[in-house]
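So you know, we letter chains A, B, ... as the sequences are listed, proteins then strands, and number each from 1. In this text, all values refer to a predicted model and were calculated from it rather than measured experimentally. The basis for the numbers below is simple: all heavy atoms, side chains too, and nothing from hydrogens, waters or symmetry mates.
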Number of protein chains: 2
Amino acid sequence: MRHIARQANIRELILDGVDALLARFGYRKMTMEDLARQVGIGKGTIYLHFPGKEELALAHVDRIAERLLRRLGEISAARRSPPERIRAMLVTRVLFRFDSVAHYSQNLNDLLSAVRKELLARRQGHFEKEAQEMAKVLDEGREMGIFSGADSLLTARLLIWSTNSMLPFNLTARELGKRGELEERVSRLADLLLQGLLQRPRDKKLK
Amino acid sequence: MRHIARQANIRELILDGVDALLARFGYRKMTMEDLARQVGIGKGTIYLHFPGKEELALAHVDRIAERLLRRLGEISAARRSPPERIRAMLVTRVLFRFDSVAHYSQNLNDLLSAVRKELLARRQGHFEKEAQEMAKVLDEGREMGIFSGADSLLTARLLIWSTNSMLPFNLTARELGKRGELEERVSRLADLLLQGLLQRPRDKKLK
DNA sequence: AAAATGACTAGAATACAATTTTGGTCAGGA
DNA sequence: TCCTGACCAAAATTGTATTCTAGTCATTTT
């Protein structure tokens, strides 16, 4: 029944090729023949694994998101304190995406403008999954009495929003600044947010 | 000596025209003749106030930023508690920009892609001024013992970064969601950040 | 039989020349 | 002194011929 996953990891190899060609040519100038040659397979074979060119680009960004999500899952499961884990997750979501597109000379929005609409939809999905993973940790922290008791998923979505401007969507990795500076920036922001999340002995009212 | 500001507010009228035509046609299809007609002046007159078309678009976004900055200045000077002011400033910087481009059908980055480079540079300047205005309030709050004692300007820059993803740069106002939802979102984020900024009686260490 | 291939085709992209439009100038008018 | 619109070089657009490419599928390979 399944018409995908014929060979072991051919799909992965194709996506590796997509990554290389997107970096070198961009979406429009990446041709299916180029890609087949790059991967060392016939053009038709690509269509045994992907329905078309658009889906190739989208699957590529999906893969980045999935890899990130796996990393977040590892951090989430690590035996560190919830605040440390949240901090690591925020830093990771920014730096992982930075590293994933550091070799591109365009930002992702421009690179994939031909599939903008679907790209935005997928991104929403990716963000939501990231939020869910972070919400788990927030819940844990709340049960331990470390975090204050707001709705975890809503809070996690805020953490996502607050770090989204550091992702290479409308700025290239280069334009976002040096990796070290970016790390510094997201780290500081994470610390600030975490201070806000911590349960405090006696709440000071905002007037 | 000055070759600008001949008449009272002709410059403002021209920028009003730019706003109308950008919304209706976008940057490329907005012609200088269209604009002159829209404003009711001769084409040459525009060049007495602006050096060229690119500068028109950039002056338009500058004006939005200046107006916002004036509002932030008002909030900054209001006699409310520093946390309340910071909160209002964050909400304002998001909603004011939302309202300023709500009638556009494209996001700002795409709308002004022809002047992308200079646009990014100006934006940096705008952000920095916003940060400076917020830093004032942070300093005030620190002197009152309300905020903890980190570098105010650095902290203000973090507040800017954390709300930047809610600005209509790569998403249209429509795509950012309903105004009410956006307000809710930025408000919640502001509250979270403020919690992080507050001086706490005894600091709980993060492990 | 299952998997992979590349020749093939319709439609899209490109190239190029002819034509139109437009950003910017400036001599003249109000 | 301030403003204007005719004017021009350069850019954008249009029309057309040509090339290129996404996707298909009959054939070959495994």
Side-chain angles (χ1 to χ4, degrees), chain A residues 1-22 24-60 106 110-119, chain B residues 1-22 24-60 106 110-119:
Chain A
M1 281 312 92
R2 317 195 32 207
H3 62 105
I4 57 171
R6 315 259 160 167
Q7 208 195 88
N9 48 5
I10 237 308
R11 190 190 147 93
E12 290 298 301
L13 292 178
I14 292 172
L15 290 180
D16 289 345
V18 170
D19 183 52
L21 294 192
L22 281 182
R24 201 176 324 149
F25 300 125
Y27 178 78
R28 296 183 109 165
K29 291 190 174 178
M30 168 184 89
T31 76
M32 298 300 273
E33 272 181 349
D34 282 345
L35 180 57
R37 193 171 336 111
Q38 166 83 21
V39 182
I41 59 179
K43 185 153 71 103
T45 307
I46 297 173
Y47 288 90
L48 299 177
H49 297 269
F50 297 93
K53 189 180 173 181
E54 291 201 358
E55 184 56 31
L56 275 172
L58 294 167
H60 171 56
Q106 263 180 112
D110 289 347
L111 188 70
L112 301 180
S113 60
V115 293
R116 179 175 195 272
K117 199 175 164 172
E118 179 64 15
L119 178 68
Chain B
M1 283 307 92
R2 321 197 28 209
H3 61 105
I4 57 171
R6 313 257 162 168
Q7 207 194 88
N9 48 4
I10 223 347
R11 190 190 147 94
E12 290 298 301
L13 291 178
I14 292 172
L15 290 180
D16 289 345
V18 171
D19 183 52
L21 295 191
L22 281 181
R24 201 175 323 149
F25 301 124
Y27 178 79
R28 295 181 111 168
K29 291 191 175 179
M30 168 183 88
T31 77
M32 298 302 272
E33 273 181 350
D34 282 345
L35 180 57
R37 194 172 335 112
Q38 166 85 21
V39 182
I41 58 179
K43 185 155 71 106
T45 307
I46 297 173
Y47 288 90
L48 299 176
H49 297 270
F50 297 93
K53 188 180 174 181
E54 291 202 357
E55 184 56 31
L56 276 172
L58 295 167
H60 171 55
Q106 263 181 110
D110 289 347
L111 188 70
L112 301 179
S113 60
V115 293
R116 179 176 195 271
K117 198 177 164 172
E118 180 63 15
L119 178 67

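- Of the two residues contacting DNA chain C, namely Gly40(A) and Arg28(A), the nearest-nucleotide position lying further toward the 5' end is that of Gly40(A).
- One interatomic measurement links the two molecules: CD1 of Ile14(B) to C1' of dC3(D), which rounds to 12 Å at whole-angstrom precision.
- Taken from CG in Leu35(A) to CG in Leu22(A), the straight-line distance is 9.0 Å, to the nearest 0.5 Å.
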With 3.5 Å as the limit, what N/O pairs link the protein to nucleotides 6-9 of chain C?
unit_1, atom_1, unit_2, atom_2, d
dG6(C), N7, Gly44(A), N, 3.4

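- Listed by chain and number, the residues in a side-chain contact (heavy atoms from CB on, under 4.5 Å) with Ala114(A) are Tyr27(A) (sequence neighbours excluded).
- Computed from coordinates, the Met32(B) CE to dC7(D) C1' distance equals 16 Å when rounded to whole Å.
- In this structure the side chain of Ile46(B) reaches within 4.5 angstrom of the side chain of Leu56(B), judged on heavy atoms.
- Comparing dA4(C), dG23(D), dT25(C) by their nearest atom to the side chain of Tyr47(B) picks out dT25(C).
- One distance of note links CZ of Arg11(A) with CG of Asp16(A); it measures 11.5 Å at 0.5 Å rounding.
- One axis for each end of the helix from dA1(C)-dT30(D) to dA30(C)-dT1(D), each built from five base pairs, and the angle between them comes to 40° at 10° resolution.
- As a whole-Å value, the separation of His49(A) NE2 from dA22(D) P is 18 Å.
- For Lys53(B) and dG24(C), the NZ to P distance is 8 Å, given to the nearest whole Å.
- In this structure, Met32(B) and Lys53(B) have side chains that are in contact, with non-hydrogen atoms separated by less than 4.5 Å.
- As rounded to whole Å, 15 Å separates atom C1' of dT21(D) from atom CG of Leu21(A).
- A 4.5 Å side-chain heavy-atom check between Asp110(B) and Arg116(A) finds at least one atom pair inside the cut-off.
- Atom-to-atom, CG of Asn9(B) to C1' of dC2(D) comes out at 16 Å; the value is rounded to the nearest Å.
- Computed from coordinates, the Leu48(A) CG to dT30(D) P distance equals 16 Å when rounded to whole Å.
- Contact of the Ile14(A) side chain with the Ile41(A) side chain is registered, since non-hydrogen atoms from C-beta on lie closer than 4.5 Å.
- Between atom NE2 of residue His49(B) and atom CD1 of residue Ile10(B) there is a gap of 5.5 Å, rounded to the nearest 0.5 Å.
- For the pair Lys29(A) NZ and dC20(D) P, the computed distance is 13 Å after rounding to whole Å.
- Using a 4.5 Å heavy-atom threshold, the side chains of Phe50(B) and Leu15(B) count as touching.
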